[in-house]
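Working notes, structure below.
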Amino acid sequence: MVEMRKPIPVADAVRLVMEHAMPLGTEMIDLEQVYGRVLAEPIIAKHDVPPFDRSPYDGFAIRSLDSAGAAGDNRVSLTVIGEIGAGYVGDKPIGEKEAYRIMTGAQIPENADAVVMLEQAIEMDGGFTLRKPFEAGENISYKGEDAKEGELLIETGSLVHPGTIALLATFGYAQVKVAKRPVAGILSTGTELLEVEDELVPGKIRNSNGPMIKGQLNRMGIAYRSYGMAADDLDACTSIVEQAIAESDFLITTGGVSVGDYDHLPAIYERLGAEVLFNKVAMRPGSVTTVAVLGNKLLFGLSGNPSACFTGFELFTRPAILAMMGGTAPFMPRMTAKLGEDFTKPNPFTRFIRATWTFTEAGIEAVPAGFNKSNAVSSIARGNCLIVLPSGTRGYGMGDEIDILLLGSEQGVSEWTL
Ligand SMILES: Nc1nc2c(c(=O)[nH]1)N[C@H]1C(S)=C(S)[C@@H](COP(=O)(O)OP(=O)(O)OC[C@H]3O[C@@H](n4cnc5c(N)ncnc54)[C@H](O)[C@@H]3O)O[C@H]1N2
Ligand code: MOO
Ligand SMILES: [Mg+2]
(Lines give C-alpha, C1' and ligand atoms only; values in the text may rest on other atoms or scores of the structure.)
(Ligands and ions follow the chains in the order given, each with its own letter.)
Protein backbone atom coordinates (compact mmCIF):
# COMPACT_ATOMS: atom_id res chain seq x y z
CA MET A 1 0.00 0.00 0.00
CA VAL A 2 1.30 3.38 -0.94
CA GLU A 3 1.95 5.75 1.92
CA MET A 4 -0.66 8.53 2.17
CA ARG A 5 1.00 11.79 3.02
CA LYS A 6 -0.70 14.73 4.66
CA PRO A 7 0.18 18.04 3.00
CA ILE A 8 0.93 20.97 5.29
CA PRO A 9 0.56 24.64 4.35
CA VAL A 10 3.66 26.32 2.90
CA ALA A 11 3.82 28.80 5.80
CA ASP A 12 3.87 25.94 8.33
CA ALA A 13 6.62 24.18 6.40
CA VAL A 14 8.70 27.35 6.29
CA ARG A 15 8.19 27.86 10.03
CA LEU A 16 9.26 24.28 10.82
CA VAL A 17 12.44 24.66 8.79
CA MET A 18 13.27 28.01 10.34
CA GLU A 19 12.83 26.60 13.86
CA HIS A 20 15.74 24.29 13.11
CA ALA A 21 18.01 26.74 11.27
CA MET A 22 20.48 27.78 13.95
CA PRO A 23 23.38 30.26 13.69
CA LEU A 24 26.80 28.61 13.63
CA GLY A 25 28.81 31.11 15.67
CA THR A 26 30.96 34.05 14.64
CA GLU A 27 34.40 34.80 13.21
CA MET A 28 36.59 37.79 12.37
CA ILE A 29 37.35 38.31 8.69
CA ASP A 30 39.14 40.90 6.56
CA LEU A 31 37.08 43.77 5.19
CA GLU A 32 38.02 42.62 1.67
CA GLN A 33 36.19 39.33 2.28
CA VAL A 34 33.06 40.72 3.90
CA TYR A 35 30.76 41.17 0.90
CA GLY A 36 27.70 38.91 1.22
CA ARG A 37 28.36 38.04 4.86
CA VAL A 38 26.06 38.77 7.81
CA LEU A 39 27.19 41.19 10.52
CA ALA A 40 27.60 39.63 13.96
CA GLU A 41 27.98 43.06 15.54
CA PRO A 42 26.09 46.28 14.93
CA ILE A 43 27.80 49.19 13.21
CA ILE A 44 27.81 51.97 15.77
CA ALA A 45 29.39 55.25 14.68
CA LYS A 46 32.87 55.35 16.25
CA HIS A 47 33.12 59.06 15.53
CA ASP A 48 31.12 61.78 13.85
CA VAL A 49 30.77 61.62 10.07
CA PRO A 50 32.07 63.82 8.64
CA PRO A 51 34.66 64.12 11.40
CA PHE A 52 35.08 67.90 10.84
CA ASP A 53 33.16 70.76 9.23
CA ARG A 54 34.14 70.74 5.56
CA SER A 55 33.47 72.41 2.29
CA PRO A 56 30.96 70.76 -0.04
CA TYR A 57 32.20 72.90 -2.95
CA ASP A 58 35.31 74.25 -4.58
CA GLY A 59 35.22 77.92 -3.64
CA PHE A 60 36.11 80.36 -0.91
CA ALA A 61 35.64 80.00 2.86
CA ILE A 62 34.43 83.31 4.29
CA ARG A 63 32.98 84.91 7.40
CA SER A 64 29.33 85.45 6.44
CA LEU A 65 29.22 88.80 8.20
CA ASP A 66 31.78 90.11 5.68
CA SER A 67 29.28 89.53 2.86
CA ALA A 68 26.50 91.61 4.48
CA GLY A 69 24.96 94.13 2.08
CA ALA A 70 26.55 92.63 -1.03
CA ALA A 71 24.50 93.21 -4.20
CA GLY A 72 24.91 93.42 -7.97
CA ASP A 73 25.55 97.15 -7.75
CA ASN A 74 27.43 96.87 -4.48
CA ARG A 75 29.95 94.09 -4.84
CA VAL A 76 31.91 93.24 -1.71
CA SER A 77 35.56 92.35 -2.13
CA LEU A 78 37.52 89.90 -0.01
CA THR A 79 41.23 89.11 0.15
CA VAL A 80 42.44 85.53 -0.24
CA ILE A 81 45.00 84.65 2.45
CA GLY A 82 45.77 81.08 1.38
CA GLU A 83 44.52 77.88 -0.18
CA ILE A 84 43.26 74.66 1.44
CA GLY A 85 43.06 71.54 -0.69
CA ALA A 86 41.29 68.41 0.59
CA GLY A 87 43.53 66.76 3.17
CA TYR A 88 45.04 70.03 4.38
CA VAL A 89 44.06 72.46 7.10
CA GLY A 90 44.32 76.25 7.11
CA ASP A 91 47.16 77.45 9.35
CA LYS A 92 45.61 80.75 10.44
CA PRO A 93 42.17 82.04 11.38
CA ILE A 94 40.57 84.35 8.84
CA GLY A 95 40.11 87.97 9.81
CA GLU A 96 37.93 90.81 8.60
CA LYS A 97 37.26 90.74 4.82
CA GLU A 98 39.56 87.74 4.45
CA ALA A 99 38.92 84.36 2.86
CA TYR A 100 40.62 81.07 2.06
CA ARG A 101 40.44 79.50 -1.33
CA ILE A 102 39.09 76.05 -0.37
CA MET A 103 38.44 72.80 -2.23
CA THR A 104 35.64 70.25 -1.83
CA GLY A 105 36.27 68.05 1.20
CA ALA A 106 38.73 70.41 2.88
CA GLN A 107 38.29 71.36 6.54
CA ILE A 108 36.67 74.76 7.11
CA PRO A 109 39.28 77.14 8.56
CA GLU A 110 38.85 78.85 11.89
CA ASN A 111 36.36 81.75 11.91
CA ALA A 112 34.84 80.85 8.52
CA ASP A 113 31.12 80.01 8.53
CA ALA A 114 30.14 79.98 4.84
CA VAL A 115 31.49 78.87 1.48
CA VAL A 116 31.16 80.81 -1.76
CA MET A 117 31.19 78.56 -4.83
CA LEU A 118 33.80 79.48 -7.44
CA GLU A 119 30.93 80.24 -9.83
CA GLN A 120 29.46 82.78 -7.36
CA ALA A 121 32.63 84.86 -7.20
CA ILE A 122 34.41 87.12 -9.66
CA GLU A 123 38.11 86.65 -9.14
CA MET A 124 40.56 89.50 -9.24
CA ASP A 125 44.15 90.01 -8.26
CA GLY A 126 44.61 88.75 -4.65
CA GLY A 127 40.93 88.12 -4.02
CA PHE A 128 37.38 88.12 -5.39
CA THR A 129 34.11 90.01 -5.24
CA LEU A 130 30.62 88.89 -4.25
CA ARG A 131 27.19 90.07 -5.39
CA LYS A 132 25.06 88.53 -2.63
CA PRO A 133 25.18 88.15 1.13
CA PHE A 134 25.80 84.70 2.60
CA GLU A 135 24.10 83.31 5.67
CA ALA A 136 26.00 81.77 8.54
CA GLY A 137 26.23 78.04 7.76
CA GLU A 138 25.61 78.43 4.04
CA ASN A 139 27.40 75.74 2.01
CA ILE A 140 28.97 74.05 5.02
CA SER A 141 28.96 70.29 5.40
CA TYR A 142 28.79 69.96 9.16
CA LYS A 143 30.68 67.58 11.44
CA GLY A 144 28.28 64.77 12.36
CA GLU A 145 25.57 65.69 9.84
CA ASP A 146 25.74 62.19 8.30
CA ALA A 147 26.21 60.20 11.51
CA LYS A 148 26.78 61.11 15.15
CA GLU A 149 29.31 59.31 17.33
CA GLY A 150 27.54 56.49 19.19
CA GLU A 151 24.61 56.31 16.76
CA LEU A 152 23.40 52.80 15.81
CA LEU A 153 23.66 52.74 12.02
CA ILE A 154 23.33 49.10 10.94
CA GLU A 155 21.98 46.29 13.07
CA THR A 156 23.47 42.89 13.83
CA GLY A 157 22.11 40.33 11.38
CA SER A 158 22.26 42.64 8.34
CA LEU A 159 23.65 41.29 5.09
CA VAL A 160 26.76 43.19 4.01
CA HIS A 161 26.52 44.86 0.61
CA PRO A 162 28.94 47.32 -0.98
CA GLY A 163 27.34 50.28 0.83
CA THR A 164 27.80 48.53 4.18
CA ILE A 165 31.45 48.00 3.28
CA ALA A 166 31.84 51.76 2.70
CA LEU A 167 30.49 52.39 6.20
CA LEU A 168 32.74 49.75 7.78
CA ALA A 169 35.75 51.29 6.03
CA THR A 170 34.70 54.77 7.22
CA PHE A 171 35.02 53.62 10.82
CA GLY A 172 38.28 51.75 10.31
CA TYR A 173 37.06 48.16 10.43
CA ALA A 174 39.99 46.33 8.80
CA GLN A 175 38.48 43.21 10.39
CA VAL A 176 34.78 42.59 10.79
CA LYS A 177 32.91 40.25 13.12
CA VAL A 178 30.53 38.19 11.03
CA ALA A 179 28.44 35.07 11.42
CA LYS A 180 30.03 31.84 10.19
CA ARG A 181 28.71 30.44 6.93
CA PRO A 182 27.51 26.87 6.70
CA VAL A 183 29.09 24.48 4.21
CA ALA A 184 26.53 22.59 2.13
CA GLY A 185 26.65 19.00 0.97
CA ILE A 186 24.96 18.30 -2.39
CA LEU A 187 23.92 14.94 -3.79
CA SER A 188 21.85 14.31 -6.91
CA THR A 189 20.09 10.96 -6.85
CA GLY A 190 18.71 9.07 -9.83
CA THR A 191 19.82 6.07 -11.90
CA GLU A 192 18.69 7.99 -14.98
CA LEU A 193 21.23 10.75 -14.49
CA LEU A 194 24.15 11.42 -16.80
CA GLU A 195 27.08 13.74 -16.24
CA VAL A 196 26.81 17.07 -18.03
CA GLU A 197 29.47 16.07 -20.56
CA ASP A 198 27.87 12.67 -21.36
CA GLU A 199 26.05 11.95 -24.65
CA LEU A 200 22.34 11.25 -24.30
CA VAL A 201 21.37 7.57 -24.36
CA PRO A 202 17.86 6.11 -24.26
CA GLY A 203 16.08 6.57 -20.93
CA LYS A 204 18.67 8.88 -19.45
CA ILE A 205 18.90 12.64 -18.92
CA ARG A 206 21.68 14.94 -17.84
CA ASN A 207 21.86 16.03 -14.21
CA SER A 208 20.64 19.61 -14.24
CA ASN A 209 19.60 19.95 -10.60
CA GLY A 210 23.11 19.48 -9.20
CA PRO A 211 24.65 22.32 -11.24
CA MET A 212 21.55 24.50 -10.65
CA ILE A 213 21.82 24.14 -6.89
CA LYS A 214 25.52 24.94 -7.02
CA GLY A 215 24.47 28.13 -8.80
CA GLN A 216 21.85 28.89 -6.16
CA LEU A 217 24.50 28.41 -3.46
CA ASN A 218 27.10 30.39 -5.39
CA ARG A 219 24.86 33.39 -5.60
CA MET A 220 24.64 33.31 -1.81
CA GLY A 221 28.41 32.85 -1.48
CA ILE A 222 27.91 29.47 0.21
CA ALA A 223 30.65 26.84 -0.13
CA TYR A 224 29.67 23.26 -0.83
CA ARG A 225 31.00 19.75 -1.06
CA SER A 226 29.58 17.94 -4.02
CA TYR A 227 28.91 14.24 -3.67
CA GLY A 228 28.06 14.04 -7.35
CA MET A 229 25.36 11.65 -8.46
CA ALA A 230 24.15 8.43 -6.89
CA ALA A 231 22.11 5.70 -8.57
CA ASP A 232 18.85 4.73 -6.84
CA ASP A 233 20.39 2.06 -4.66
CA LEU A 234 19.33 2.16 -1.03
CA ASP A 235 22.54 0.89 0.58
CA ALA A 236 24.88 2.92 -1.60
CA CYS A 237 22.77 6.07 -1.19
CA THR A 238 22.56 5.61 2.56
CA SER A 239 26.29 5.50 2.97
CA ILE A 240 26.88 8.55 0.76
CA VAL A 241 24.19 10.50 2.63
CA GLU A 242 25.73 9.47 5.95
CA GLN A 243 29.19 10.57 4.85
CA ALA A 244 27.84 13.83 3.40
CA ILE A 245 26.02 14.67 6.64
CA ALA A 246 29.18 14.03 8.66
CA GLU A 247 31.22 16.35 6.42
CA SER A 248 28.73 19.19 5.87
CA ASP A 249 26.66 21.61 7.95
CA PHE A 250 23.50 20.71 6.04
CA LEU A 251 22.64 18.47 3.13
CA ILE A 252 20.72 19.04 -0.08
CA THR A 253 19.64 15.98 -2.03
CA THR A 254 17.56 16.01 -5.17
CA GLY A 255 15.19 13.30 -6.30
CA GLY A 256 13.96 10.15 -4.63
CA VAL A 257 11.59 11.75 -2.13
CA SER A 258 8.25 10.70 -3.58
CA VAL A 259 6.49 7.34 -3.21
CA GLY A 260 8.05 5.43 -6.12
CA ASP A 261 9.80 2.08 -5.85
CA TYR A 262 13.18 3.76 -6.24
CA ASP A 263 12.50 6.83 -4.11
CA HIS A 264 14.84 5.90 -1.28
CA LEU A 265 15.21 9.12 0.71
CA PRO A 266 12.32 8.33 3.09
CA ALA A 267 13.93 4.97 3.95
CA ILE A 268 17.34 6.61 4.32
CA TYR A 269 15.99 9.16 6.82
CA GLU A 270 14.46 6.31 8.75
CA ARG A 271 17.64 4.23 8.73
CA LEU A 272 19.69 7.17 9.97
CA GLY A 273 17.13 8.07 12.60
CA ALA A 274 16.48 11.54 11.16
CA GLU A 275 13.31 13.33 12.25
CA VAL A 276 11.18 14.16 9.21
CA LEU A 277 9.67 17.63 9.71
CA PHE A 278 7.37 17.23 6.72
CA ASN A 279 7.22 15.22 3.50
CA LYS A 280 4.30 16.87 1.74
CA VAL A 281 3.65 20.57 1.29
CA ALA A 282 0.47 22.05 -0.13
CA MET A 283 2.32 23.66 -3.00
CA ARG A 284 3.04 22.99 -6.63
CA PRO A 285 5.70 22.52 -7.81
CA GLY A 286 7.52 20.86 -4.96
CA SER A 287 4.69 19.12 -3.12
CA VAL A 288 7.00 16.23 -2.25
CA THR A 289 9.67 18.49 -0.77
CA THR A 290 10.86 16.80 2.38
CA VAL A 291 12.89 18.30 5.20
CA ALA A 292 14.41 16.23 7.97
CA VAL A 293 16.77 16.94 10.87
CA LEU A 294 19.57 14.78 12.16
CA GLY A 295 21.26 16.14 15.27
CA ASN A 296 21.45 19.83 14.52
CA LYS A 297 21.72 19.37 10.76
CA LEU A 298 18.99 20.07 8.25
CA LEU A 299 18.50 17.61 5.41
CA PHE A 300 16.71 19.14 2.44
CA GLY A 301 15.15 16.43 0.30
CA LEU A 302 14.32 18.50 -2.75
CA SER A 303 12.26 17.03 -5.51
CA GLY A 304 13.93 15.64 -8.62
CA ASN A 305 11.68 17.65 -10.90
CA PRO A 306 13.73 20.73 -11.86
CA SER A 307 11.07 23.41 -11.24
CA ALA A 308 10.13 21.78 -7.96
CA CYS A 309 13.79 21.54 -6.97
CA PHE A 310 14.42 25.21 -7.81
CA THR A 311 11.34 26.35 -5.93
CA GLY A 312 12.04 24.16 -2.91
CA PHE A 313 15.50 25.68 -2.62
CA GLU A 314 14.26 29.27 -2.85
CA LEU A 315 11.36 28.77 -0.42
CA PHE A 316 13.03 26.59 2.22
CA THR A 317 16.78 26.16 1.77
CA ARG A 318 17.68 29.75 1.05
CA PRO A 319 16.02 31.31 4.12
CA ALA A 320 17.38 28.51 6.30
CA ILE A 321 20.91 29.21 5.05
CA LEU A 322 20.47 32.92 5.71
CA ALA A 323 19.27 32.13 9.23
CA MET A 324 22.27 29.81 9.78
CA MET A 325 24.41 32.74 8.62
CA GLY A 326 22.80 34.88 11.31
CA GLY A 327 20.65 36.86 8.87
CA THR A 328 17.56 38.55 10.23
CA ALA A 329 15.84 39.16 6.86
CA PRO A 330 15.91 35.74 5.18
CA PHE A 331 12.74 35.78 3.12
CA MET A 332 12.11 36.80 -0.47
CA PRO A 333 10.59 40.27 -0.82
CA ARG A 334 6.94 40.34 -1.93
CA MET A 335 5.14 42.75 -4.27
CA THR A 336 1.70 42.96 -5.76
CA ALA A 337 1.32 42.66 -9.53
CA LYS A 338 -1.28 42.14 -12.21
CA LEU A 339 -1.39 38.62 -13.56
CA GLY A 340 -0.35 38.60 -17.23
CA GLU A 341 -2.12 35.33 -18.20
CA ASP A 342 -5.22 33.27 -17.29
CA PHE A 343 -5.00 30.39 -14.83
CA THR A 344 -8.64 29.41 -14.81
CA LYS A 345 -8.20 25.93 -13.36
CA PRO A 346 -8.65 26.02 -9.57
CA ASN A 347 -5.83 24.39 -7.65
CA PRO A 348 -5.98 22.58 -4.32
CA PHE A 349 -2.36 23.59 -3.69
CA THR A 350 -0.67 27.01 -3.73
CA ARG A 351 1.05 27.46 -7.07
CA PHE A 352 4.44 29.09 -7.56
CA ILE A 353 4.93 30.10 -11.17
CA ARG A 354 8.25 31.22 -12.52
CA ALA A 355 7.57 34.61 -14.14
CA THR A 356 8.95 37.96 -15.22
CA TRP A 357 7.72 41.16 -13.63
CA THR A 358 7.92 44.45 -15.48
CA PHE A 359 6.56 47.96 -15.15
CA THR A 360 3.76 48.71 -17.57
CA GLU A 361 1.43 51.68 -17.87
CA ALA A 362 -1.10 49.70 -15.84
CA GLY A 363 1.41 49.12 -13.05
CA ILE A 364 3.51 46.06 -12.27
CA GLU A 365 2.64 43.07 -14.41
CA ALA A 366 3.90 39.51 -13.93
CA VAL A 367 3.96 37.25 -16.98
CA PRO A 368 4.62 33.50 -16.60
CA ALA A 369 7.96 32.44 -18.04
CA GLY A 370 6.58 29.58 -20.14
CA PHE A 371 5.86 25.86 -19.65
CA ASN A 372 5.35 25.70 -15.92
CA LYS A 373 4.83 22.12 -14.81
CA SER A 374 6.99 20.69 -12.02
CA ASN A 375 9.23 19.00 -14.55
CA ALA A 376 9.89 22.21 -16.51
CA VAL A 377 13.49 23.21 -16.92
CA SER A 378 13.07 25.82 -19.70
CA SER A 379 11.07 28.31 -17.65
CA ILE A 380 13.41 28.26 -14.67
CA ALA A 381 16.03 29.72 -16.99
CA ARG A 382 13.81 32.77 -17.45
CA GLY A 383 12.14 35.31 -15.21
CA ASN A 384 12.87 37.29 -12.09
CA CYS A 385 10.08 36.30 -9.71
CA LEU A 386 7.62 33.65 -8.62
CA ILE A 387 3.92 34.34 -9.04
CA VAL A 388 1.99 33.02 -6.04
CA LEU A 389 -1.53 31.74 -6.71
CA PRO A 390 -3.10 30.67 -3.43
CA SER A 391 -4.98 27.39 -3.34
CA GLY A 392 -8.74 27.45 -3.48
CA THR A 393 -11.83 26.89 -5.47
CA ARG A 394 -11.43 29.65 -7.99
CA GLY A 395 -9.10 30.17 -10.90
CA TYR A 396 -7.28 33.38 -11.73
CA GLY A 397 -7.77 35.60 -14.75
CA MET A 398 -5.45 37.88 -16.61
CA GLY A 399 -5.37 41.27 -14.84
CA ASP A 400 -6.14 39.82 -11.40
CA GLU A 401 -4.08 41.27 -8.62
CA ILE A 402 -1.68 38.64 -7.29
CA ASP A 403 1.43 38.45 -5.11
CA ILE A 404 4.87 37.87 -6.51
CA LEU A 405 8.05 36.88 -4.68
CA LEU A 406 11.19 38.54 -6.01
CA LEU A 407 14.14 36.36 -6.93
CA GLY A 408 17.81 37.35 -7.07
CA SER A 409 18.20 40.25 -9.43
CA GLU A 410 21.46 39.71 -11.30
CA GLN A 411 19.34 40.01 -14.44
CA GLY A 412 18.66 43.62 -15.36
CA VAL A 413 16.13 44.97 -17.82
CA SER A 414 17.02 45.90 -21.40
CA GLU A 415 15.72 49.47 -21.34
CA TRP A 416 16.12 52.38 -18.96
CA THR A 417 12.76 52.67 -17.22
CA LEU A 418 12.83 56.05 -15.48
N1 LIG B 1 2.19 8.17 -7.20
C2 LIG B 1 2.73 9.38 -7.09
N3 LIG B 1 3.70 9.72 -7.93
C4 LIG B 1 4.29 10.94 -7.82
C5 LIG B 1 3.85 11.84 -6.83
C6 LIG B 1 2.83 11.44 -5.96
O7 LIG B 1 2.41 12.19 -5.07
N8 LIG B 1 2.32 10.19 -6.11
N9 LIG B 1 4.41 13.07 -6.79
C10 LIG B 1 4.86 13.58 -8.06
C11 LIG B 1 5.49 14.83 -7.87
S12 LIG B 1 4.46 16.10 -7.50
C13 LIG B 1 6.82 15.01 -8.04
S14 LIG B 1 7.46 16.57 -7.93
C15 LIG B 1 7.74 13.91 -8.32
C16 LIG B 1 8.88 13.97 -7.35
O17 LIG B 1 9.69 12.91 -7.51
P18 LIG B 1 11.01 12.70 -6.68
O19 LIG B 1 11.35 13.92 -5.91
O20 LIG B 1 10.91 11.43 -6.01
O21 LIG B 1 12.12 12.67 -7.80
P22 LIG B 1 12.46 11.53 -8.82
O23 LIG B 1 11.36 10.56 -8.88
O24 LIG B 1 13.79 11.03 -8.49
O25 LIG B 1 12.53 12.35 -10.15
C26 LIG B 1 11.44 13.08 -10.63
C27 LIG B 1 11.75 13.60 -12.02
O28 LIG B 1 12.85 14.49 -11.97
C29 LIG B 1 13.90 14.03 -12.82
N30 LIG B 1 15.18 14.31 -12.15
C31 LIG B 1 15.60 13.74 -11.03
N32 LIG B 1 16.79 14.22 -10.68
C33 LIG B 1 17.16 15.08 -11.63
C34 LIG B 1 18.29 15.89 -11.82
N35 LIG B 1 19.33 15.86 -10.96
N36 LIG B 1 18.35 16.69 -12.90
C37 LIG B 1 17.31 16.72 -13.77
N38 LIG B 1 16.18 16.00 -13.63
C39 LIG B 1 16.12 15.18 -12.57
C40 LIG B 1 13.66 12.58 -12.94
O41 LIG B 1 14.27 12.03 -14.06
C42 LIG B 1 12.15 12.51 -12.97
O43 LIG B 1 11.68 12.83 -14.25
O44 LIG B 1 7.10 12.68 -8.16
C45 LIG B 1 5.79 12.60 -8.79
N46 LIG B 1 5.28 11.28 -8.68
O1 MOO C 1 5.96 18.27 -6.17
MO2 MOO C 1 5.46 18.14 -7.60
O3 MOO C 1 6.64 19.25 -8.09
O4 MOO C 1 4.23 19.16 -6.83
O5 MOO C 1 4.72 18.49 -9.05
MG1 LIG D 1 10.36 9.70 -7.58
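Given the structure is predicted, the values throughout are model-derived calculations rather than measurements. We count ligands from 1, going down the list as the structure has it; atoms in each ligand are counted the same way.
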Aromatic ring proximity, centroids under 6.0 angstrom, Phe60 and Phe134: no
Check the pair Phe250 / Tyr224 against ring pair (Phe, Tyr, Trp, His ring centres under 6.0 Å), numbers first and verdict last. CA-CA 10 Å; Phe250 67 101; Tyr224 52 78; over 10 Å; no
N/O to N/O below 3.5 Å, does that happen between Gly304 and ligand 1? yes
Test item, Asn207 contacting ligand 1 (heavy atom, 4.0 angstrom): yes
Please set out all donor-acceptor pairs under 3.5 angstrom arising from side-chain atoms of residues 263-270, sequence neighbours excluded.
{"from": "Asp263", "atom 1": "OD2", "to": "Ser258", "atom 2": "N", "distance (Å)": "3.4"}
{"from": "Asp263", "atom 1": "OD2", "to": "Val259", "atom 2": "N", "distance (Å)": "3.3"}
{"from": "Asp263", "atom 1": "OD2", "to": "Gly260", "atom 2": "N", "distance (Å)": "2.7"}
{"from": "His264", "atom 1": "NE2", "to": "Asp232", "atom 2": "O", "distance (Å)": "3.2"}

Can you find an N or O of Ser287 that's nearer than 3.5 Å to an N or O of ligand 1? no
Using a distance threshold of 2.8 Å, what protein N/O/S atoms lie below it relative to the Mg ion (ligand 3)? Asp263 OD1, Asp263 OD2
Contact (N/O only, under 3.5 Å) between Ser258 and ligand 1: yes
Under 3.5 Å between any N/O of Val257 and any N/O of ligand 1: does that happen in this structure? yes
Does any N/O atom on Gly256 come nearer than 3.5 Å to any N/O atom on ligand 1? yes
Are there any protein N or O atoms under 3.5 Å from the N or O atoms of ligand 2? List them with distances, or say none.
{"from": "ligand 2", "atom 1": "1 (O)", "to": "Gly286", "atom 2": "N", "distance (Å)": "3.0"}
{"from": "ligand 2", "atom 1": "1 (O)", "to": "Ser287", "atom 2": "N", "distance (Å)": "2.5"}
{"from": "ligand 2", "atom 1": "1 (O)", "to": "Ser287", "atom 2": "OG", "distance (Å)": "2.9"}
{"from": "ligand 2", "atom 1": "1 (O)", "to": "Val288", "atom 2": "N", "distance (Å)": "3.4"}
{"from": "ligand 2", "atom 1": "3 (O)", "to": "Gly286", "atom 2": "N", "distance (Å)": "2.7"}
{"from": "ligand 2", "atom 1": "3 (O)", "to": "Ser374", "atom 2": "OG", "distance (Å)": "2.7"}
{"from": "ligand 2", "atom 1": "4 (O)", "to": "Arg284", "atom 2": "NE", "distance (Å)": "2.9"}
{"from": "ligand 2", "atom 1": "4 (O)", "to": "Arg284", "atom 2": "NH2", "distance (Å)": "3.3"}
{"from": "ligand 2", "atom 1": "4 (O)", "to": "Gly286", "atom 2": "N", "distance (Å)": "3.3"}
{"from": "ligand 2", "atom 1": "4 (O)", "to": "Ser287", "atom 2": "N", "distance (Å)": "3.0"}
{"from": "ligand 2", "atom 1": "4 (O)", "to": "Ser287", "atom 2": "OG", "distance (Å)": "2.9"}
{"from": "ligand 2", "atom 1": "5 (O)", "to": "Arg284", "atom 2": "NE", "distance (Å)": "3.4"}
{"from": "ligand 2", "atom 1": "5 (O)", "to": "Ser374", "atom 2": "OG", "distance (Å)": "2.1"}

Suppose the criterion is ring pair (Phe, Tyr, Trp, His ring centres under 6.0 Å): which pairs have a residue in residues 169-220, not counting sequence neighbours? His47-Phe171
